J.: 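Dropping the structure in here first, questions after.
What's counted below: heavy atoms across the whole structure, side chains too, no hydrogens, waters or symmetry copies. Everything numeric in this text was worked out from a predicted model, so none of it was measured.
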Amino acid sequence: MATSTSRRRHRDTLRKGELREKAILDTAESLLADPGPDAMTVEDIARGAGISRGSLYFYFGSKNEVLTALVARTLEQLRSTALVPTADTDLPPREAIALAVQGTESMWREHGSVMRTAVEYSALVPEIGDLWTEAIATSRDALTLILVRAGLPDGPAPTDAPALAQSLCWMTERTFYRTIVESPDQLPTTARTCTEIWHRVIPDSNT
């Protein structure tokens, strides 16, 4: 039977491991801005996290595994923040959509280097591609429910809520991506434009 001392040591070891993994991911995110995902190396990440290269391999097998974990962490934050308004059925549809787009803008502003890497590495690292596609699908499903609540049909037609949500989610993703690449200071403008486009598919009687 484990003693209280051994259990405490186990918790301390777990906590230390979690902190080290966080340091690795935080360092990787900072390096995405400079020198960038292609130029950054495992050695760079380990040095920034204050550990040896060998220690880093205890947590991640490669640079791509670090990037995959970083994308997963960021997209989990996206789901737990930007999509929260979509689950509030007391919010009018237009307000729920506006808040969701604002939350998405915030994620691109605060974690733009990770979001950009997720887009650009989706075709290079299958695991990142799967995470990104899943995130878009989650957003699509949540926003489909809002469009249905706003009065759009929940059917298979190209003008029904599911098809519109699918296209608009990918439009939003691509628009924010181009903005972060070309002119990050225009993110608020992009958010307003995307919100307006979403609002225009909602019948006028629904606010």
J.: side-chain contact (heavy atoms from CB on, under 4.5 Å) with Tyr59: which residues, sequence neighbours excluded?
T.: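 For Tyr59, the residues satisfying side-chain contact (heavy atoms from CB on, under 4.5 Å) (neighbours in sequence not counted) are Arg20, Glu21, Ile24.
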J.: Determine the sole option in Ile51, Leu56, Leu67, Leu25 for which the side-chain contact (heavy atoms from CB on, under 4.5 Å) test with Ile45 is passed.
T.: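 That would be Leu56.
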J.: Tell me whether Asp44 contacts the main-chain N or O of Thr41 through its side chain, where contact means a donor paired with an acceptor under 3.5 Å.
T.: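 Side chain of Asp44 to backbone of Thr41, a donor-acceptor pair under 3.5 Å: yes, one is there.
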J.: With a 4.5 Å cut-off on side-chain heavy atoms, are Tyr177 and Thr172 touching?
T.: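 They are not in contact (no side-chain heavy atoms under 4.5 Å apart), so the answer is no.
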J.: State the OG1-CH2 distance between Thr193 and Trp198, to the nearest 0.5 angstrom.
T.: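 Thr193 OG1 to Trp198 CH2: 15.0 Å, rounded to 0.5 Å.
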J.: Going by the rule side-chain contact (heavy atoms from CB on, under 4.5 Å), which residues pair with Thr68 if we only count those two or more places apart in sequence or in a different chain?
T.: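 Listed in chain order: Val125, Glu127, Ile128, Leu131.
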J.: Counting N and O atoms only, with roles assigned by atom type, does the side chain of Lys63 sit under 3.5 Å from a partner on the main chain of Pro37, one being a donor and the other an acceptor?
T.: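 Answer holds: yes.
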J.: Is there a side-chain contact between Pro184 and Thr179 in this structure, where contact means two heavy atoms from C-beta onward sitting under 4.5 Å apart?
T.: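 Answer no - side chains too far apart.
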J.: Would you call Glu196 and Arg200 a salt bridge, using N to O less than 4.0 angstrom?
T.: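 Looking at Glu196 and Arg200, the cut-off is met.
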J.: What's the spacing between Leu83 CG and Leu143 CG if we round to 0.5 Å?
T.: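 Interatomic distance, Leu83 CG to Leu143 CG, rounded to 0.5 Å: 7.0 Å.
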J.: Decide side chain to side chain donor-acceptor pair (under 3.5 Å) for Thr189 and Arg192; before the verdict, give the C-alpha distance in whole Å, the side-chain angles of both, and the deciding distance to 0.1 Å.
T.: CA-CA 5 Å; Thr189 301; Arg192 288 194 296 272; 3.3 Å; yes
J.: For a quick test of reading the model, state the closest non-hydrogen atom pair linking Ala161 to Val148 and the distance between them.
T.: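 Reported closest heavy-atom pair: CB-CG2, 3.6 Å.
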J.: To the nearest 0.5 Å, how far apart are CD in Glu173 and CZ in Arg178?
T.: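 CZ of Arg178 is found 11.0 Å from CD of Glu173.
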J.: How long is the gap from CG on Leu78 to CZ on Arg73, to the nearest 0.5 Å?
T.: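 It comes to 14.0 Å.
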J.: Please report the closest heavy-atom contact between Thr104 and Ala82, naming both atoms and the distance.
T.: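 Distance-wise, the nearest heavy atoms are N-CB, 3.6 Å.
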J.: Is Ile202 close to Ile97 at the side-chain level, that is, under 4.5 Å between some pair of heavy atoms?
T.: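 Yes; the side chains approach each other to less than 4.5 Å.
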J.: Got a salt bridge between Glu120 and Arg116, using NZ or NE/NH1/NH2 to carboxylate O under 4.0 Å?
T.: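 Yes, Glu120 and Arg116 are salt-bridged.
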J.: I'd like to know if the side chain of Ser30 reaches the main chain of Thr27, judged simply by a donor and an acceptor atom lying under 3.5 Å from each other, with no hydrogens or angles considered.
T.: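 Confirmed, Ser30 side chain pairs with Thr27 backbone.
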J.: Asp88 vs Val84, test: side-chain contact (heavy atoms from CB on, under 4.5 Å). Steps then yes/no.
T.: CA-CA 7 Å; Asp88 187 348; Val84 168; over 6 Å; no
J.: Please tell me if the side chains of Leu145 and Thr86 come closer than 4.5 Å, counting only heavy atoms from C-beta onward.
T.: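 In short, these two side chains do not touch, never coming nearer than 4.5 Å.
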J.: Would you confirm whether Ser183, through its side chain, and Gln186, through its main-chain N or O, come within 3.5 Å as a donor-acceptor pair?
T.: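 No, the answer is negative, given that no donor and acceptor are paired below the 3.5 Å cut-off.
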J.: With distance as the sole criterion, is a donor-acceptor pair present between the side chains of Ser52 and Ser55 under 3.5 Å?
T.: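 Judged by distance alone, the side chains do pair up.
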J.: Report the distance from atom CD1 of Ile197 to atom OG of Ser167, rounding to the nearest 0.5 Å.
T.: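 One finds 12.0 Å between CD1 of Ile197 and OG of Ser167.
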J.: Is there a side-chain contact between Tyr57 and Val42 in this structure, where contact means two heavy atoms from C-beta onward sitting under 4.5 Å apart?
T.: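 Of all side-chain heavy-atom pairs linking Val42 with Tyr57, at least one is under 4.5 Å.
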J.: With the side chain counted from C-beta on, respond yes when Val101 and Phe176 share a heavy-atom pair under 4.5 Å apart, and no when they do not.
T.: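 Yes, close enough: below the 4.5 Å cut-off.
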J.: Does the Ser106 side chain pair with the main chain of Gln102, one donor and one acceptor, at a distance under 3.5 Å?
T.: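 No, because the side chain of Ser106 does not come within donor-acceptor range (under 3.5 Å) of the backbone of Gln102.
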J.: Under 4.0 Å between a side-chain nitrogen and a carboxylate oxygen: does that hold for Glu105 and Arg109?
T.: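 So Glu105 pairs with Arg109 through a salt bridge.
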J.: Working to the nearest 0.5 Å, report the span between CD of Gln166 and CG of Asp141.
T.: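 Gln166 CD to Asp141 CG: 9.0 Å, rounded to 0.5 Å.
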J.: What are the two closest non-hydrogen atoms of Glu95 and Leu91, and how far apart are they?
T.: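 Looking at all heavy atoms of both residues, the closest pair is OE2-CD2, 3.3 Å.
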